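Before any comments, here is the structure.
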Number of protein chains: 2
Amino acid sequence: MNTHTELSPSAQRIADVAQALVQEVGYNGFSFEHISQAVGMRKASIHHHFGSKVDLGVTVVQRYTGQFEEALRQVQKQFSSAPERLLAYADLFETTFQNNHHLCVCGMLGAESNSLDASLKSEVKRFFQINVAWLNHVMDEGLASGSLRSPHHAKVLAETLLSLLEGAMLVGRSMSAPIGPRHACEVFLSGLIH
Amino acid sequence: MNTHTELSPSAQRIADVAQALVQEVGYNGFSFEHISQAVGMRKASIHHHFGSKVDLGVTVVQRYTGQFEEALRQVQKQFSSAPERLLAYADLFETTFQNNHHLCVCGMLGAESNSLDASLKSEVKRFFQINVAWLNHVMDEGLASGSLRSPHHAKVLAETLLSLLEGAMLVGRSMSAPIGPRHACEVFLSGLIH
DNA sequence: GTCTATACTTGGATAGAC
DNA sequence: GTCTATCCAAGTATAGAC
């Protein structure tokens with residue numbers, strides 16, 4: 001599957017539905033039949049656009065990662081301080097979570113990771129690496145400029161915040177009144193700003 | 001399923017294997033066939049001990065929650081300060097994660113939550129409630145005694161730390177050199193101790 | 001590009017012998 | 001309590017008509 005292949009309108013609808021299903025019930029929780037019902041096409045037609053479930057999964061993650069990268073660029077451009085950037089970053093997750101308690105695509109696939117095809121697993125890893133690298137950069141600037149204070153390395157702070165946001169969505173699913181990723185981020189940040 | 005039903009030796013082995021499978025590949029990622037191969041019994045024999053997959057799942061979570069509650073009591077008894085208790089708590093997750101990158105049973109099921117039977121979902125929720133309540137108590141004492149400092153309520157700190165630990169395991173699965181729940185907890189605590 | 005039909009496999013579950 | 005045998009449903013995938 002080429003990252004830059006343009007998806008036909010039908011393929012896009014299928015990928016949209018598949019993404020939502022991954023975020024709701026996980027990769028192992030949905031079948032072509034579910035997609036079929038949601039898009040109003042037969043299973044065989046889904047297979048015309050995506051040869052296998054793995055192909056579909058890979059496409060979903062690649063699209064998701066691409067959209068996330070664009071969002072990171074926007075955050076970088078629109079905000080100048082580390083605390084502002086980190087809160088805007090957390091809001092990306094907050095928006096996802098507010099949508100029917102959807103999980104991050106890669107949070108879900110990360111949990112299921114050990115049962116996934118290697119190609120999917122590798123795309124999930126890539127998503128996390130991109131996020132940690134971006135957060136690392138933001139944290140590093142924040143520590144250098146003094147807008148953030150911590151005895152820990154930027155890289156460690158990056159993975160900690162990412163873990164917190166993914167975890168807030170996961171745990172929030174089972175809570176009556178979850179704090180959510182945005183609030184969780186504020187709590188973490190209040191420990192980095194003195 | 002009664003919480004206090006004693007499990008026969010065979011039932012215990014089955015539950016042990018099922019728990020490990022949940023932590024590795026998730027509830028939707030394993031079948032009776034996998035268990036059958038691991039315990040060396042036929043599928044029909046598994047069904048003799050657990051009428052359905054849901055029954056088995058419920059038993060696994062109830063056992064896991066019971067063992068966790070006992071661990072919480074031990075931590076409470078062996079440590080007296082909030083920071084020490086929280087680190088010991090994080091080590092419960094660290095130990096799980098060190099074991100072949102196993103996830104917390106309820107972290108995994110929490111992710112899959114929307115595809116699970118209501119009875120299972122409810123057991124998962126109970127696990128999280130117990131953990132948040134315990135952490136809330138520890139945080140509250142810490143804030144009162146001054147061993148912890150934060151502008152946030154104990155309850156919020158509790159859910160934040162739980163989210164961080166669950167998330168550290170989830171994200172850690174996809175990282176080459178994950179920081180892990182213990183280290184993540186240290187990072188969070190360093191923001192609560194000034 | 002979408003359909004019907006179908007092949008093949010796996011998964012959860014039950015009946016009944018031992 | 002464990003087994004063999006079997007049922008039925010669901011899931012992935014393919015062939016071939018339209």
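Not measured: the values here are computed from a predicted model. Within every chain, numbering begins at 1; the chains are lettered A, B, ... in the order of the sequence lines, protein sequences first and strands thereafter.
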Separation of D:dA13 C1' from A:Ile35 CD1 (nearest whole Å):
14 Å

Could you state the NE2-P distance from A:His47 to D:dA13, rounded to the nearest angstrom?
5 Å

Identify whether any heavy atom of A:Ser31 sits under 4.0 Å from a base atom; if not, whether one sits that close to sugar-phosphate; answer base, sugar-phosphate or nothing.
sugar-phosphate

Could you check how far NZ of A:Lys43 sits from P of C:dT2, rounded to whole Å?
17 Å

Is any side-chain N or O of A:Ser45 closer than 4.0 Å to OP1 or OP2 of C:dC3?
yes

Under a 3.5 Å threshold, yes or no: a donor from one side chain and an acceptor from the other, between A:Gln62 and A:Thr65?
no

Rounded to the nearest angstrom, tell me the gap between atom CD1 in A:Ile14 and atom P in C:dG1.
10 Å

Can you see whether B:Tyr27 engages A:Asn28 through a side-chain donor-acceptor pair at a distance of less than 3.5 angstrom?
no

Select one nucleotide: of C:dG12, D:dT4, D:dG11, the one nearest the side-chain heavy atoms of B:Arg42.
D:dT4

Is there a donor-acceptor contact under 3.5 Å from the side chain of B:Arg173 to the main chain of B:His101?
yes

If you assign each of B:Ser8 and B:Ala44 to its closest nucleotide in DNA chain D, which residue comes earlier from the 5' end?
B:Ser8

Is the phosphate of D:dT2 approached by B:His48 (side-chain N or O, under 4.0 Å from OP1 or OP2)?
no

Mind calculating the distance between CZ (B:Phe30) and P (C:dT10) to the nearest angstrom?
18 Å

Respond yes when some side-chain nitrogen or oxygen of B:His49 is under 4.0 Å from OP1 or OP2 of D:dT2, and no when none is.
yes

Whole angstrom value for the distance that separates P of C:dG11 from CD1 of B:Ile46:
14 Å

Taking it one step at a time, do B:Phe97 and B:Arg182 satisfy side chain to side chain contact (heavy atoms under 4.5 Å, CB included)?
CA-CA 10 Å; B:Phe97 185 65; B:Arg182 160 86 192 195; over 6 Å; no

Looking only at C:dA13, D:dT2, C:dT2, the nucleotide nearest the B:Ser10 side chain is D:dT2

Find the distance A:Arg13:CZ to C:dT2:C1' and express it as a whole number of Å.
12 Å

Give me the one residue out of A:Arg73, A:Gln129, A:Gln76 that meets side-chain contact (heavy atoms from CB on, under 4.5 Å) with A:Trp134.
A:Gln76

In whole Å, what is the span from the CD atom of A:Glu33 to the P atom of C:dC3?
12 Å

